[in-house]
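Being a predicted model, the structure only gives us computed values, none of them experimental.
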Amino acid sequence: MTEAIHVRGLRLWAHVGVYEQERRHGQWFELAFSLGVDLGAVARSDDLSQGFDYGRGIAALQEQARTVRCLTLEHYSEQILDALEACYGPIPLAVEVSKCQVPVPGFDGSVAVSRRRRWG
Ligand SMILES: Nc1nc2c(c(=O)[nH]1)N=C([C@H](O)[C@@H](O)CO)CN2
């Protein structure tokens, strides 16, 4: 993949987690996603209508986060890929979803899963 749009640091409050209280109360997630697309047309013309508007993907994931309910980061990442595909069609996609505060005793870090569709 030679060219891509990368969106990083998209913080979303979502109700995802194996524990019932994670799904009931919700928690912060941080997303990064990439669109593997040719940027040449917009680069030459300065006309966004000839390319991919990253704002549409951000808005779609903000909307999705309001209603999503599931257990695992893996399943959440699948729904994120589905939402991006609904936005942009069958283009190469990559996503990384991090749980910012993981409810594991004695663990102060974050956990992330990364997934790809049609990438490479
Ligand atoms: N592979 C995964 N393992 C775990 C997940 C997950 O989403 N994918 N989630 C949890 C809990 O929700 C976590 O927040 C704390 O135990 C556990 N393992």
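Tyr88 places a side-chain N or O within donor-acceptor distance of the main-chain N or O of Gly57, the cut-off being under 3.5 Å. Looking only at distances, no side-chain donor or acceptor of Ser98 sits under 3.5 Å from a matching main-chain atom of Cys100. Using a distance-only test at 3.5 Å, with no hydrogens or angles considered, no donor-acceptor pair links the side chain of Glu96 to the main chain of Ala112.
Using a cut-off of 4.0 Å between Lys/Arg side-chain N and Asp/Glu carboxylate O, Lys99 and Glu22 are scored as salt-bridged.
Every residue was checked against the salt bridge (charged side-chain N to carboxylate O under 4.0 Å, His left out) condition with Arg69, not counting sequence neighbours, and none meets it. Under the salt bridge (charged side-chain N to carboxylate O under 4.0 Å, His left out) criterion, Arg66 pairs with Glu63, sequence neighbours left out. Val42 is linked by a side-chain contact (heavy atoms from CB on, under 4.5 Å) to Gln50, counting only residues two or more places apart in sequence or in another chain.
Atoms CG and CD, on Leu61 and Gln79 in that order, are 11.0 Å from each other to the nearest 0.5 Å. Atom CG of Leu31 is separated from atom CG of Leu12 by 5.5 Å, given to the nearest 0.5 angstrom. One finds the SG atom of Cys87 at 9.0 Å from the CG atom of Asp53 (value rounded to the nearest 0.5 Å). Annotation: the span from Arg116 atom CZ to Leu93 atom CG amounts to 11.5 Å, rounded to 0.5 Å. To the nearest 0.5 Å, atom NE2 of residue His15 and atom CZ of residue Arg24 are 10.5 Å apart. Taking CG from Leu35 and CZ from Arg56, the interatomic distance works out to 10.0 Å, rounded to the nearest 0.5 Å.
Of the N and O atoms on the side chains of Gln27 and Gln101, not one donor lies less than 3.5 Å from an acceptor on the other residue.
A pairwise comparison of heavy atoms in Tyr76 and Gln64 identifies CE1-OE1, 4.0 Å as the closest pair. Closest of all the heavy-atom pairs between Glu30 and Gly9 is OE2-CA, 3.5 Å.
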Hey, mind stepping through Trp119 and Ser34 against side chain to side chain contact (heavy atoms under 4.5 Å, CB included) and telling me if it holds? CA-CA 10 Å; Trp119 196 281; Ser34 300; 3.6 Å; yes
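Under the 6.0 Å cut-off for aromatic ring centres, Phe33 and Tyr54 do not qualify, their centroids lying 6.0 Å or more apart.
A cation-pi geometry, defined here as NZ or CZ lying under 6.0 Å from the six-membered ring centre and within 45° of its normal, does not hold between Arg11 and Phe29.
Taking the side chain as every heavy atom from C-beta outward, Arg23 and Leu71 approach each other to under 4.5 Å. Side chains of Leu10 and Gln62 form a contact here, defined as non-hydrogen atoms less than 4.5 Å apart.
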